[in-house]
*Asks:* 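Input: one structure, supplied below.
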Amino acid sequence: MHTLGLKNFNWTSGIFIITYHLALFICLPIYLYRTTPSSILILASVALLFLSGVSISAGYHRFYAHKAYRASKIVEAVLLFFATMAMEGSVLKWSSQHRLHHRFTDKEGDPHSIKKGFLYAHMLWIFKKRGPVVDAAIVQDLMKNKLVMFQHKHYTLLGVLTNGISTLFVVWLTGDVFGAIVLSLIARIFLLHHFTWFINSLAHTWGAKTYSGEQSAVDNYLIALVTFGEGYHNYHHVFASDYRNGVRWYHFDPSKWLVWTLSKLGLAKDLRKINPYFIKKTMVKKDTVILLDKLREIDHVQKKPFEERLNEVSENLLSKLSELSRLSHEYAQSRQRALKKQMREFREGLDGLWNEWGRLSRQIMSLS
Ligand SMILES: [Zn+2]
Ligand SMILES: [Zn+2]
């Protein structure tokens, strides 16, 4: 159980969050009552929301916390500039907490465990003062990065400066001082914080456990729409080193598209991707466990043949996927056309097995 009282209340973060919520609830109705915001003000606010949000996702999260790709110092500086504007703390502190979340997901060491309640995982955990702000042992690599340490040391000043510069820019663009403060500063930070917090609350509650049923993280494309692609959270918890969260080409993941574009421009490299056949193997293994559990639960006279067939098809699929994984690795090294042809034939040979897997899964799930 968590206890939150005056003794362990984090005054710095607490006062900041409560103050901007109050400021927004008071100022926004007054502003909207007096003025209709111009389209340029709305556009500028949305652009700043996107820039700071995608910098948290592609920068703080995938680049620093997970080292999912490498980037030039210029890219690092730009990502840090816009991510600082998000007012989510220094990247050193953020990564320390996030790496603990991955290491102890749903357990006692998880800073925002969903097991302590939806609201706790969403935002109450920020109000609670814990031990050291940064766990040096878990972010040693980042402590060697001069840009990271500079941002950590001067975070408050940099937060004020980046937000001051962007707000002044919006004032210059629109001539609307009150509008710039209410929409492009306070409302933007409000939305960005809640969108980020949704990953810790909603993306651990509402959605599908596509790759692992053992922990609370879920995949939900609706959450991906407001989290710059971070809604495929079950995938992310299983394959955290992948630079993508939305693994399929059509998955909405602007952070993935940004990193990919940077790599094509020569500004990022070594983008880490999990082998697609390994991903499929993980899904088959997870579904086999679920289907065997389902068979164990039911009292069905004919369940033995289902069990035997399930194990047979699952083993067959897993060994063929392993073979494909090996072939694709070999092809990536040698680029031999013959290997590509062999892989295509192998995949075509798998079609029947996939159909049988689907049929068997549906049959078992319909048993009662
Ligand atoms: Zn998570
Ligand atoms: Zn992560």
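Note that these values count all heavy atoms, side chains included, but never hydrogens, waters or copies made by symmetry. Counting starts at 1 for both ligands and their atoms, in listed order.
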*Asks:* Angle at the Zn ion (ligand 2), NE2 of His61 to NE2 of His66, rounded to 10 degrees, please.
*Replies:*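 Seen from the Zn ion (ligand 2), NE2 and NE2 are separated by roughly 100°.
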
*Asks:* Once rounded to 10°, what is the value of the angle centred on the Zn ion (ligand 1) between His204 NE2 and His101 NE2?
*Replies:*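 NE2 of His204, the Zn ion (ligand 1) and NE2 of His101 span an angle of about 100°.
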
*Asks:* Got an N, O or S from His233 under 2.8 Å of the Zn ion (ligand 1)?
*Replies:*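 So His233 counts as coordinating the Zn ion (ligand 1), yes.
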
*Asks:* So, Phe195 versus Trp197, ring centres under 6.0 angstrom or not?
*Replies:*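 Centroid separation for Phe195 and Trp197: 6.0 Å or greater.
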
*Asks:* Side chains of His122 and His193: do they bring a donor and an acceptor to under 3.5 Å?
*Replies:*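 There is no such pair (donor and acceptor under 3.5 Å, judged by atom type) between the side chains of His122 and His193.
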
*Asks:* How many angstroms lie between CG in Leu191 and CG in Leu183, if you round to the nearest 0.5 Å?
*Replies:*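 Going from the CG atom of Leu191 to the CG atom of Leu183 covers 9.5 Å.
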
*Asks:* Could you tell me whether the Zn ion (ligand 1) has an N, O or S atom of His236 under 2.8 Å away?
*Replies:*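 Here the distance criterion (N, O or S atom, under 2.8 Å) is not met by His236, so no.
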
*Asks:* Do Arg188 and Asn163 meet the criterion of a side-chain donor-acceptor pair at a distance under 3.5 Å?
*Replies:*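 Yes, because at least one side-chain N or O of Arg188 sits under 3.5 Å from a partner of the opposite role on Asn163.
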
*Asks:* Which atom name would you report as the N, O or S atom of His98 nearest the Zn ion (ligand 2)?
*Replies:*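 Of all N, O or S atoms in His98, the Zn ion (ligand 2) lies closest to NE2.
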
*Asks:* Between Asn234 and Thr210, does a side-chain hydrogen bond (donor to acceptor under 3.5 Å, both in side chains) hold up when you go through it step by step?
*Replies:* CA-CA 7 Å; Asn234 189 263; Thr210 326; 4.8 Å; no

